[in-house]
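Heads up, the thing below is written out as structure tokens.
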Amino acid sequence: MKKLINNPEFVVEEMLEGVVKAHPKYVRKLEGFNVLVRTNSPVQGKVALVSGGGSGHEPSHGGFVGKGMLDGAVAGAVFTSPTPDQVFEAVKAVNGGAGVLLVVKNYTGDIMNFEMAAEMAAMEDIQVASVVVNDDVAVENSTWTTGRRGIAGTVFVHKIAGAAAEAGKSLEEVKAVAEKVIANVRSMGMSLTPCTVPAAGKPSFELAENEMEMGLGIHGEPGTFRDVIKPADEIVEHLVDKILADIDYNGSEVAVMINGLGGTPLMELYIMNRKVSSMLEEKGIKVYKTLVGNYMTSLEMAGGSVSILKLDDELKELLDATADTPAFVQL
Amino acid sequence: MKKLINNPEFVVEEMLEGVVKAHPKYVRKLEGFNVLVRTNSPVQGKVALVSGGGSGHEPSHGGFVGKGMLDGAVAGAVFTSPTPDQVFEAVKAVNGGAGVLLVVKNYTGDIMNFEMAAEMAAMEDIQVASVVVNDDVAVENSTWTTGRRGIAGTVFVHKIAGAAAEAGKSLEEVKAVAEKVIANVRSMGMSLTPCTVPAAGKPSFELAENEMEMGLGIHGEPGTFRDVIKPADEIVEHLVDKILADIDYNGSEVAVMINGLGGTPLMELYIMNRKVSSMLEEKGIKVYKTLVGNYMTSLEMAGGSVSILKLDDELKELLDATADTPAFVQL
Amino acid sequence: MIHRDLLLKMIEEITMVIGANKQYLTDLDQTIGDGDHGINMDRGFRAIKDKVEAVKDKDCGTILKTVAMGLISTVGGASGPLYGTAFMKAGQVVANKMEITAEDAVKILDEAIQGIIARGKAAQGDKTMLDALIPAYDALKAAVEEGEPLTNAMGKAVEAAEGGVAYTKTIAAKKGRANYLGDRSIGHQDPGATSSYLMLKAIYDVLTREA
Amino acid sequence: MIHRDLLLKMIEEITMVIGANKQYLTDLDQTIGDGDHGINMDRGFRAIKDKVEAVKDKDCGTILKTVAMGLISTVGGASGPLYGTAFMKAGQVVANKMEITAEDAVKILDEAIQGIIARGKAAQGDKTMLDALIPAYDALKAAVEEGEPLTNAMGKAVEAAEGGVAYTKTIAAKKGRANYLGDRSIGHQDPGATSSYLMLKAIYDVLTREA
Ligand SMILES: Nc1ncnc2c1ncn2[C@@H]1O[C@H](COP(=O)(O)OP(=O)(O)O)[C@@H](O)[C@H]1O
Ligand SMILES: Nc1ncnc2c1ncn2[C@@H]1O[C@H](COP(=O)(O)OP(=O)(O)O)[C@@H](O)[C@H]1O
Ligand SMILES: [Mg+2]
Ligand SMILES: [Mg+2]
Ligand SMILES: [Mg+2]
Ligand SMILES: [Mg+2]
């Protein structure tokens with residue numbers, strides 16, 4: 001395991017210290033908890049957004065705490081959903097009286113831990129609502145199963161619902177716009193290499209030199225199938241075809257995110273974007289905005305995901321709104 | 001070689017197409033050249049900044065083309081300085097009548113190719129000045145040798161000289177402030193893994209599971225020495241000690257950049273920053289601003305560098321100025 | 001009959017067994033999940049040590065609730081809330097009691113399972129911890145109802161749990177992360193079912209050793 | 001005497017030899033540089049093919065300048081401007097000439113070397129292409145002055161260049177990327193010296209073959 005760390009047991013705590021030292025203007029850490037909140041939390045009268053999950057997805061979610069996006073981010077152990085008490089602490093710290101929206105990614109652990117936190121908050125009469133992001137089309141959606149995972153599309157929820165909250169919308173309205181994003185965003189990813197959870201000390205799976213995993217999430221897990229490595233254009237074609245087959249994007253305007261999983265250079269993400277944009281152009285789908293970079297990572301995994309969000313006027317306006325966070329700034 | 005690419009021969013061209021598709025608001029490509037310029041180039045009456053170098057350092061330099069930073073970026077083949085005609089073309093395209101500053105990193109190839117481009121520009125009566133960034137303290141500085149390399153500290157030059165140009169300063173003034181940054185910034189890097197130039201098809205060097213290279217640049221080359229992997233804090237200590245030994249930072253305010261080489265997760269960069277900031281605190285050096293992320297990469301190399309820039313009031317003001325580029329936005 | 005002190009020994013034994021199997025459980029989770037189950041469980045049980053120590057003179061209900069709260073606030077992931085809920089429900093069964101009878105034991109396992117189902121919405125056959133726990137419960141209940149001594153009954157429960165773990169190898173997951181793998185999860189043993197089995201086995205080992 | 005058509009054959013031969021040694025030169029550069037020298041040189045010589053074809057009926061000076069411009073605008077890195085400058089200077093020596101005499105050849109190598117020094121500011125012993133070229137020049141000059149036929153003289157130049165390449169193994173680099181390695185560059189052969197040797201050797205091979 002080759003990592004720039006000190007002790008696998010303390011990676012999350014040490015990382016958070018480093019974040020706070022780097023961005024005191026944006027975030028502070030709740031003493032005794034692995035929770036980052038806006039330096040000026042709670043923002044009185046504003047709906048607050050709290051997200052989080054296991055660590056190892058940086059800049060998600062702490063990097064998106066700031067004006068126009070999140071109010072708080074809860075950092076679990078690496079790839080492990082945070083515990084309810086941590087989430088609850090975040091909720092208390094950011095609640096400015098207008099209620100708190102929990103943005104949860106659809107994983108059994110996240111769902112249950114955030115749900116328990118919401119129960120705790122309800123007991124203290126804090127108004128809490130939740131949305132569950134499940135954008136990953138690699139996984140079959142079914143009420144009989146765990147359902148689709150939440151992956152990089154979550155960042156669009158942070159951005160857009162965060163802008164709505166900043167604009168003074170009510171908890172109900174912010175929740176509704178978050179749900180609109182969730183209903184309209186789809187993603188799919190792939191990887192060329194596994195990654196190593198520091199405490200596990202060895203790679204999450206093994207891949208031959210000519211193999212890749214298609215349809216995988218952001219927790220170092222294997223994908224839905226293994227294949228021989230194809231040229232970038234063919235890989236992108238598969239990802240985009242799966243996405244476009246899931247909801248009707250015909251004639252619509254979209255936002256695109258080419259998300260790196262942590263170990264893939266920007267060069268390759270842009271090569272992916274070249275194909276994504278040409279495919280969408282061919283199909284008459286208009287790209288309104290494109291994000292390329294490491295937004296929702298899986299430690300040092302090499303690979304990437306494509307997310308496509310169908311826009312309407314409301315979503316466009318909120319997507320364009322100013323944001324000022326450590327990892328996402330927009331004028 | 002595991003890469004999300006199509007053909008090693010066309011990675012630069014395909015990447016640039018992807019960049020332009022992603023960021024039409026910021027950049028356009030000069031037809032027939034691997035040059036990105038601001039969409040609205042030339043900006044009349046403003047000093048223009050052109051930088052560039054081999055590709056594989058993304059987001060450097062194309063990602064920093066935009067308001068408050070560069071006007072043009074020239075992309076050579078991977079790790080290969082661009083040719084003079086390409087640089088010359090960039091100069092012509094961005095020249096708004098107030099002259100062009102070339103920001104060159106100190107590599108023999110870059111120096112010579114930019115110099116030849118400057119000679120071509122001079123022949124067409126375009127006012128051109130150059131600065132050479134050489135921030136890497138891993139390398140001995142001497143007039144008898146190639147001298148120190150230019151690495152991540154270059155991004156501070158882009159930011160600060162770019163802000164000066166945006167503020168309407170003259171070519172001479174912009175050059176002077178760029179030189180002030182160069183005189184006050186020092187960097188040093190290390191890596192845990194090599195990287196693979198697409199056209200070479202195999203890693204630039206080999207490292208055992210427990211080895212790292214200390215003091216290396218951004219071209220996949222080996223460092224000044226090889227060592228067994230140490231805890232992050234010890235590695236950082238070495239890097240920062242070398243930096244602080246080079247110029248007198250005593251009692252000053254500084255800007256810090258923890259730069260990822262491409263394959264290292266943000267988590268580890270923040271763990272590095274924790275130690276950097278505590279070392280500076282101990283020594284009474286005040287951190288004014290910190291940047292953490294992949295700014296000047298070496299393809300998918302795992303590792304990072306630390307840069308420390310000594311600030312004065314002028315540099316602070318310019319560092320804080322608004323910037324709006326694909327990879328660096330500041331309100 | 002399990003006296004409070006024996007219960008404490010069982011918790012210690014579970015902590016030890018989970019620690020010894022940290023890598024094993026993590027390996028299982030790397031194959032079909034995200035490779036943290038052993039790390040999570042070990043972190044949780046190590047964290048409860050001091051907390052349990054602080055209530056070691058209290059009743060069984062308090063001890064079990066202390067375990068529950070400790071697991072909930074340190075394990076995280078899917079297994080944290082699930083095992084936390086299970087111990088919470090178990091504690092409610094023996095609130096204010098200094099001893100656990102065989103009948104209590106049956107009730108505890110029942111309530112624990114109901115808690116897991118309520119929280120996780122999985123069913124038997126979904127390739128989860130329930131596939132170890134439900135057969136264990138059935139076996140325990142039958143044996144206790146037939147009047148077998150608790151140790152024997154627990155032995156049968158452990159056997160049934162072991163069978164359940166083996167069964168998880170034959171099915172595709174419908175719940176938890178392994179579900180994402182689709183049929184690729186077939187052939188691999190569920191980590192949560194395995195940790196459930198290990199915990200039951202630890203309890204049984206204490207019973208036989210101390211009997 | 002090298003007629004224009006022979007010069008064209010030499011350029012073709014160099015292109016072929018560089019192509020055949022692309023991997024070799026890149027490997028050398030991976031060891032002490034950034035692993036692109038073979039790729040750069042091969043890209044450059046492949047790119048000049050059509051350009052040279054377009055001026056194949058022109059004089060030697062025009063042909064060499066065409067090579068120079070082609071290399072300058074496609075090779076990049078350190079070797080692009082250096083070899084580009086070298087060919088440019090060479091072209092100036094034989095401007096408007098349809099043939100290159102032995103004395104011209106000496107002058108060409110001299111001017112090329114001066115151009116490289118002016119552009120790159122390196123000296124002999126810095127572990128660069130100059131360590132192949134300067135000994136080659138000295139040998140060529142001496143042999144031509146002693147009246148040896150050009151082919152023989154060129155043979156001696158190639159030998160001297162080979163010796164220069166071997167010498168680069170024994171020294172630490174003072175210029176180019178290999179300088180960053182400090183003493184770690186000792187023991188490794190300079191890629192640019194090697195490509196210089198290969199080009200001289202290609203010229204010599206054409207001379208002997210066509211003689
Ligand atoms: N809905 C559920 N109901 C019951 N058990 C579940 C459920 N989801 C997951 N599990 C159990 O949890 C185990 C995984 O736990 P763990 O690895 O600690 O959490 P995570 O999956 O969040 O990483 C699985 O092996 C499975 O036995
Ligand atoms: N200042 C210099 N003068 C002469 N030759 C040089 C100089 N710097 C580098 N070289 C030569 O260039 C070669 C490297 O070329 P190349 O790999 O193509 O460029 P780069 O070093 O920019 O990657 C070196 O092996 C050396 O022979
Ligand atoms: Mg987990
Ligand atoms: Mg190079
Ligand atoms: Mg797990
Ligand atoms: Mg090179």
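Labels below follow one simple rule: chain letters A, B, ... track the order of the sequence lines, proteins then strands, and each chain is numbered from 1.
- At a 4.5 Å heavy-atom cutoff, the contact between C:Ile39 and chain A is made by side-chain atoms alone.
- Atom NZ of C:Lys174 is surrounded by 12 or fewer heavy atoms from other residues, nucleotides or ligands within 6.0 Å.
- Contact detail for A:Pro222 and C:Gly33: the closest heavy-atom pair is CD-O, 4.2 Å.
- Interface remark: C:Ser73 contributes backbone and side-chain atoms alike to the contact with chain A (heavy atom separation under 4.5 Å).
- Interface remark: A:Asn34 contributes no atoms to any contact with chain C (heavy atom separation under 4.5 Å).
- Looking only at distances, a side-chain donor or acceptor of A:Thr146 sits under 3.5 Å from a matching main-chain atom of C:Gly176.
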Run C:Arg177 and A:Thr108 through side chain to side chain contact (heavy atoms under 4.5 Å, CB included) and show every step you take. CA-CA 8 Å; C:Arg177 284 172 196 286; A:Thr108 313; over 6 Å; no

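- Taking non-hydrogen atoms and a 4.5 Å limit, the residue list of residues 210-221 of chain A in contact with chain C, ordered by number, reads A:Glu213, A:His219, A:Glu221.
- Taking C:Gly76, C:Gly77, C:Ala122 one by one and counting their heavy-atom pairs under 4.5 Å with chain A, the maximum is reached by C:Gly77.
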Assess the residue pair C:Arg119 and A:Glu115 against the criterion (side chain to side chain contact (heavy atoms under 4.5 Å, CB included)); give the C-alpha distance rounded to whole Å, side-chain angles, the decisive distance to 0.1 Å, and a yes or no.
CA-CA 9 Å; C:Arg119 186 55 75 194; A:Glu115 193 176 272; 2.8 Å; yes

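- Between the side chain of C:Asn40 and the main chain of A:Thr80, no donor-acceptor pair closer than 3.5 Å is present.
- For the set A:Gly53, A:Pro84, A:Pro82, the count of heavy-atom pairs under 4.5 angstrom toward chain C peaks at A:Pro84.
- Shown here is A:Lys92, whose NZ atom has more than 12 heavy atoms of other residues, nucleotides or ligands within 6.0 Å.
- Contact annotation for A:Pro194: neither backbone nor side-chain heavy atoms come within less than 4.5 Å of a heavy atom of chain C.
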* Carefully, step by step, assess C:Gln30 and A:Phe205 under the rule side chain to side chain contact (heavy atoms under 4.5 Å, CB included). => CA-CA 7 Å; C:Gln30 279 201 328; A:Phe205 52 84; over 6 Å; no

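- Among A:Asn113, A:Val139, A:Val197, the residue making the largest number of heavy-atom pairs under 4.5 Å with chain C is A:Asn113.
- Remark: C:Arg43 does not engage A:Glu9 in a salt bridge, criterion side-chain N to carboxylate O under 4.0 Å.
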(message) Determine whether C:Thr85 and A:Met112 satisfy the following criterion, side chain to side chain contact (heavy atoms under 4.5 Å, CB included), listing intermediate values before the conclusion.
(response) CA-CA 11 Å; C:Thr85 302; A:Met112 292 189 293; over 6 Å; no

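- Cation-pi geometry between C:Arg184 and A:Phe225 is not satisfied (NZ or CZ under 6.0 Å from the ring centre, within 45° of the ring normal).
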